[in-house]
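Below is one structure; the comments refer to it alone.
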Amino acid sequence: MSSVDDSFADPGIARCPFDHYKMLRADAPAHMDPVIGFVWLTRRADVTGAALDSRTFRSQSDIQLRKSFQPKAQQLWDEAGIKPVDTLVTSDPPMHDDYRRLGMSLFGPKRVALLQPKIEETVNSLIDGFIDEGRCDFVKQFAALLPATIICDEYRMPPEDRARFKHWTDAAIGIQTPGISEEEEAEFSERLIKLFYYLEACLKAAADGEPGSAIHTLATFNRKDGTPFTWMERASMTQAVFVGGNETTVNMLSSSILLLCNRPDIQHALRDDPGLIDNFVEEILRLQPSVQALIRVADVDTEVAGVRIAKETPVVLSTGSANRDERFWEDPDSFRLDRTNGRQHYTFGYGRHVCIGMHLARRELKSALRILLERLDDIRLEDPARQPEYLPLPFFRGLAEVSIRFEKKP
Ligand code: HEM
């Protein structure tokens, strides 16, 4: 059992934070992590309150969108002439309102419904690529490629460029990890700069191109008063959507397949009644969220759960913990297909920044699972003696590798 002296910087806790969350919810619901120095809010009610209070807990900070670096990385950014701008996830009202209008116009339910055939075609062609081998490296051969294909298509990028993106987008997550070395930071920066240049070129090409794609909207949508966004703002939003739309869904797909491997009973239940896939998706989102927290900064001196939080303290709204809070959820740690309030998790956030890609993510997850279960039988781990391990990331949850075996269904 962990104690309040333990830290999310401990790789063991970062790989599996759920017992630590439970202890904090009971004993220290607003707790300064002794190594990382951020305050973690772990009860659902406190996460809700903070997510709705953007005056006290602002989103703009140097944590999610790094703007200053250790010397090696700083030199790379300076030479590249890129000054990252706070837009969607790292901006606050009133600036956020205009960015949000653009964000909401990208992947609403109607637009996502139009993408359904493309999603199904992609799922089927990825499965075609490995089905005859009876095995695959699920992360590399499926999960990493499905959301990337959809987003790259929406960005009108050539298909042959897709394989490079996971390498680049991993850097966006890596650079947010507290305590990384100067070398790691420089290496992540190098990749992010390449991604930035690449996306900027897509954006400029799209401005004069055909309407009807996300990249065209990002290149041409203006503020409410009609004034255009700057190119740096557009490039920043293009990158935020690209990164936000990739890793998050990749990791949910990988967690889903891992759960199916470990729970053949659930595989059977879903094949018997595909109508349960919707509940499966909500339950995996609740229990294994690829985004574990919303990052904020106290904009004023404040207090939560009797604990004083000084102005400028980074505050972690732990949605991963709120999703298992026993004050709200019945039997919170169990995976239950019959849960009736499953959609009330905070995996897509809560409040004004709630995820603009949630309709797309849900549709990708549901289509992928339905078709995988239709075409593959007896999905299992390639090496049952070796459970894939989650990466030691305090704010994210992801698997580097899940190798599976299966029988091809007739
Ligand atoms: C299962 C997959 C996904 C998860 C778990 C997820 C999670 C989240 C969370 C927790 C937030 C709120 C952040 C905050 O309040 O600080 C968020 C916002 C956001 N997400 Fe997602 N997301 C997913 C998929 C996507 C997709 C597919 C896209 C785009 C295609 C996307 C784009 C964004 C953007 C641009 C924001 C910022 C919205 C704003 O600040 O107004 N996400 N997401």
Side-chain angles (χ1 to χ4, degrees), residues 88-89 103 106-107 111-112 114-130 136-175 188 191-203 205-206 213-218 235 237-257 281 290-291 348 355-369 371-372 391 393 396-404:
L88 285 154
V89 79
L106 296 173
F107 295 110
R111 174 91 191 105
V112 172
L114 291 175
L115 292 174
Q116 176 76 18
K118 174 77 195 166
I119 295 172
E120 289 183 4
E121 181 198 312
T122 308
V123 170
N124 275 311
S125 82
L126 291 174
I127 298 175
D128 289 342
F130 58 70
C136 75
D137 174 342
F138 187 81
V139 178
K140 276 211 183 78
Q141 292 177 265
F142 188 88
L145 301 178
L146 173 61
T149 305
I150 303 303
I151 286 277
C152 291
D153 217 54
E154 280 295 296
Y155 278 15
R156 302 296 185 249
M157 295 172 176
E160 60 274 16
D161 286 355
R162 275 173 213 151
R164 297 147 71 188
F165 294 131
K166 184 154 165 43
H167 185 64
W168 290 347
T169 55
D170 278 351
I173 288 186
I175 209 157
F188 291 143
R191 291 196 233 163
L192 284 172
I193 290 167
K194 282 191 188 141
L195 176 62
F196 196 92
Y197 281 145
Y198 186 94
L199 294 176
E200 195 186 29
C202 294
L203 202 52
S213 63
I215 195 75
H216 186 267
T217 305
L218 283 156
M237 285 188 275
T238 305
Q239 179 151 342
V241 172
F242 190 75
V243 173
N246 260 303
E247 274 315 294
T248 49
T249 311
V250 172
N251 286 323
M252 288 316 310
L253 286 164
S254 307
S255 284
S256 299
I257 208 76
V281 166
S290 49
V291 179
F348 290 116
C355 181
I356 57 124
M358 65 182 162
H359 306 293
L360 178 59
R362 281 191 164 111
R363 207 169 264 259
E364 287 176 349
L365 284 166
K366 288 175 192 173
S367 303
L369 288 164
I371 300 173
L372 283 162
L391 297 165
L393 301 169
F396 299 98
R397 190 149 179 79
L399 291 152
E401 188 245 318
V402 186
S403 292
I404 59 166

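All residue numbers refer to positions in the sequence shown, counting from 1.
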task = Could you go through the side chain to side chain contact (heavy atoms under 4.5 Å, CB included) check for Asp170 and Arg191 one step at a time?
result = CA-CA 9 Å; Asp170 278 351; Arg191 291 196 233 163; 4.0 Å; yes
query = Quick one: does Glu200's side chain have a donor or acceptor within less than 3.5 Å of a partner on Ala235's backbone?
reply = no
ask   = Taking side chain as C-beta onward, heavy atoms only, is Glu364 less than 4.5 Å from Ile150?
value = yes
query = Given the rule in the side chain to side chain contact (heavy atoms under 4.5 Å, CB included) test, do Thr217 and Phe107 qualify, once you have shown the distances and angles that lead to the verdict?
reply = CA-CA 11 Å; Thr217 305; Phe107 295 110; over 6 Å; no
task = Quick one: pull up OG in Ser254 and NZ in Lys140 and give me the separation to the nearest 0.5 Å.
result = 11.5 Å
Note, Asn251 side chain near Arg397 side chain (heavy atom, < 4.5 Å) = no
message = Rounded at 0.5 Å granularity, tell me how far CG in Leu199 sits from CD1 in Ile215.
response = 7.0 Å
Pair Ser367-Gln116, side-chain donor/acceptor within less than 3.5 Å = yes
key: Heavy-atom check, side chain of Met252 versus side chain of Thr248, under 4.5 Å   = no
key: Closest non-hydrogen atom pair between Asp153 and Arg156, with its separation   = O-NH1, 2.6 Å
Leu145 and Phe142, any side-chain heavy atoms less than 4.5 Å apart = no
ask   = Just by modelled atom types, is the Asp137 backbone N or O under 3.5 Å from a matching donor or acceptor in the Gln141 side chain?
value = yes
query = How long is the span from the CZ atom in Phe138 to the CD1 atom in Ile257, to the nearest 0.5 Å?
reply = 4.0 Å
key: Closest non-hydrogen atom pair, Cys136 against Phe130   = CB-CG, 3.6 Å
ask   = If every non-hydrogen atom of Leu391 is compared with every non-hydrogen atom of Ala400, which pair is closest and at what distance?
value = CD2-CB, 4.1 Å
Heavy-atom closest pair, residues Ile356 and Gly103 = CD1-O, 3.6 Å
key: pair Glu247-Ser290: side-chain heavy atoms closer than 4.5 Å   = no
message = Tell me if the aromatic rings of Phe242 and Trp168 count as close, with their centers under 6.0 Å from one another.
response = no
ask   = Out of Asp161, Val241, Leu203, which one pairs with Tyr155 under the side chain to side chain contact (heavy atoms under 4.5 Å, CB included) rule?
value = Val241
note = When every non-hydrogen atom of Ala240 is compared with those of Leu88, the smallest separation belongs to CB-CD1, 4.5 Å
task = Rounded to the nearest 0.5 Å, what's the gap from CG on Leu253 to CG on Leu399? Could you check?
result = 11.5 Å
note = So OG1 of Thr238 and CG of Leu195: to nearest 0.5 Å the spacing works out to 10.0 Å
task = For the residue pair Ile119 and Leu360, establish whether any side-chain heavy-atom pair is separated by less than 4.5 Å.
result = yes
note = Correct closest heavy-atom pair for Glu154 and Ala214 would be OE1-N, 3.0 Å
request  = Would you give the length of the straight line joining atom CG of Leu365 to atom OG1 of Thr249, rounded to the nearest 0.5 angstrom?
outcome  = 6.5 Å
